[in-house]
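Just so it is clear, the structure is predicted and the values come from calculations on it, not from any experiment.
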Amino acid sequence: MSTLFSLLIGAFLAATVLPFSSEVMLVAALKAGHFNKWLLVAVATFGNTVGALVNWGVGRYLLRWSDRSWFPYSQRQFARASERFNRYGAWSLLFSWIPIIGDPLTFAAGVLKVRFALFLPLVTVGKSLRYIFIGWAF
């Protein structure tokens with residue numbers, strides 16, 4: 001059970017500003033072979049999606065503290081993510097799995113007040129496709 005919990009926490013952390021690689025954890029769990037690979041894919045997807053929800057919530061409710069040193073995104077990161085988001089719209093959330101731009105993108109979606117009912121399915125699809133590909137490849 002610790003493998004599943006570790007994967008869940010690792011995938012969650014990877015969706016935040018912390019430098020973490022959930023893909024490496026998923027591949028290690030797949031190679032260990034103790035669990036069904038689609039269960040592992042589902043756990044990684046769930047953890048990573050919940051992490052993206054945290055980013056959305058931070059963007060939606062905590063922007064007023066963006067000038068604080070502890071705030072998770074720099075003005076530059078946010079400006080780039082907002083530019084991409086404004087250029088491509090909510091559909092850009094399908095690319096929330098991409099390292100470096102994905103996390104600020106989910107944050108920008110919160111700041112720009114993207115509805116939860118639109119945010120959740122787009123982010124879940126984007127993130128799940130990455131893990132499904134990894135599960136299929138291994």
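I134 places none of its side-chain heavy atoms less than 4.5 Å from the side chain of V41. Residues W97 and L129 fail the side-chain proximity criterion, which asks for heavy atoms closer than 4.5 Å. In this structure, the side chains of V123 and L94 stay at 4.5 Å or more apart for every pair of heavy atoms. The shortest side-chain heavy-atom distance between L39 and L4 falls under the 4.5 Å cut-off. Looking only at side-chain heavy atoms (C-beta outward), F12 and V54 come within less than 4.5 Å of each other. Put simply, the side chain of N55 does not reach to within 4.5 Å of the side chain of L105, judged on heavy atoms.
Rounded to the nearest 0.5 angstrom, W38 CH2 and W136 CH2 are separated by 9.5 Å. The distance from atom CZ of R130 to atom OG of S22, rounded to the nearest 0.5 Å, is 4.5 Å. Put simply, CZ on F107 and CZ on R60 are 13.0 Å apart, with the number rounded to the nearest 0.5 Å. Atom-to-atom distance recorded for N48:CG and F46:CZ is 11.5 Å, nearest 0.5 angstrom.
Across every non-hydrogen atom of A11 and A44, the tightest pair is CB-O, 3.3 Å. In terms of heavy-atom proximity, W65 sits nearest to Y61 at CZ3-O, 4.4 Å. Minimum heavy-atom separation, L118 to A90: CD2-CB, 3.5 Å. Smallest separation of non-hydrogen atoms from S96 and K127: O-NZ, 3.4 Å. Between T45 and T49, the shortest heavy-atom distance links the atoms O-OG1, 2.7 Å. A pairwise comparison of heavy atoms in A14 and F20 identifies CB-O, 3.5 Å as the closest pair.
Residues M25 and V50 are members of one and the same hydrophobic cluster, defined by side-chain heavy-atom contacts under 4.5 angstrom among Ile, Leu, Val, Met, Phe, Trp and Tyr. Grouping the Ile, Leu, Val, Met, Phe, Trp and Tyr side chains by contacts below 4.5 angstrom, directly or via other members, places L30 with F5. In terms of hydrophobic clustering, with Ile, Leu, Val, Met, Phe, Trp and Tyr side chains grouped at heavy-atom distances under 4.5 Å, F138 and Y131 are assigned to a common cluster. Under a hydrophobic-cluster definition in which Ile, Leu, Val, Met, Phe, Trp and Tyr are linked whenever side-chain heavy atoms come within less than 4.5 Å, directly or via other members, L93 and Y88 are assigned to different clusters.
Residue-environment remark: CZ (R87) exceeds the threshold of 12 foreign heavy atoms within 6.0 Å.
The main-chain N or O of V114 is found under 3.5 Å from a side-chain atom of W56 such that the two form a donor-acceptor pair. Proximity of a side-chain donor or acceptor of K37 to a complementary backbone N or O of G135 within less than 3.5 Å is detected. Between the side chain of S6 and the backbone N or O of T3, no donor-acceptor pair lies under 3.5 Å.
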inquiry  = Using the rule given for side chain to side chain contact (heavy atoms under 4.5 Å, CB included), can you reason through L40 versus L26, listing the C-alpha separation, both sets of side-chain angles and the distance that settles it, and then say yes or no?
reply    = CA-CA 7 Å; L40 294 171; L26 178 58; 3.7 Å; yes
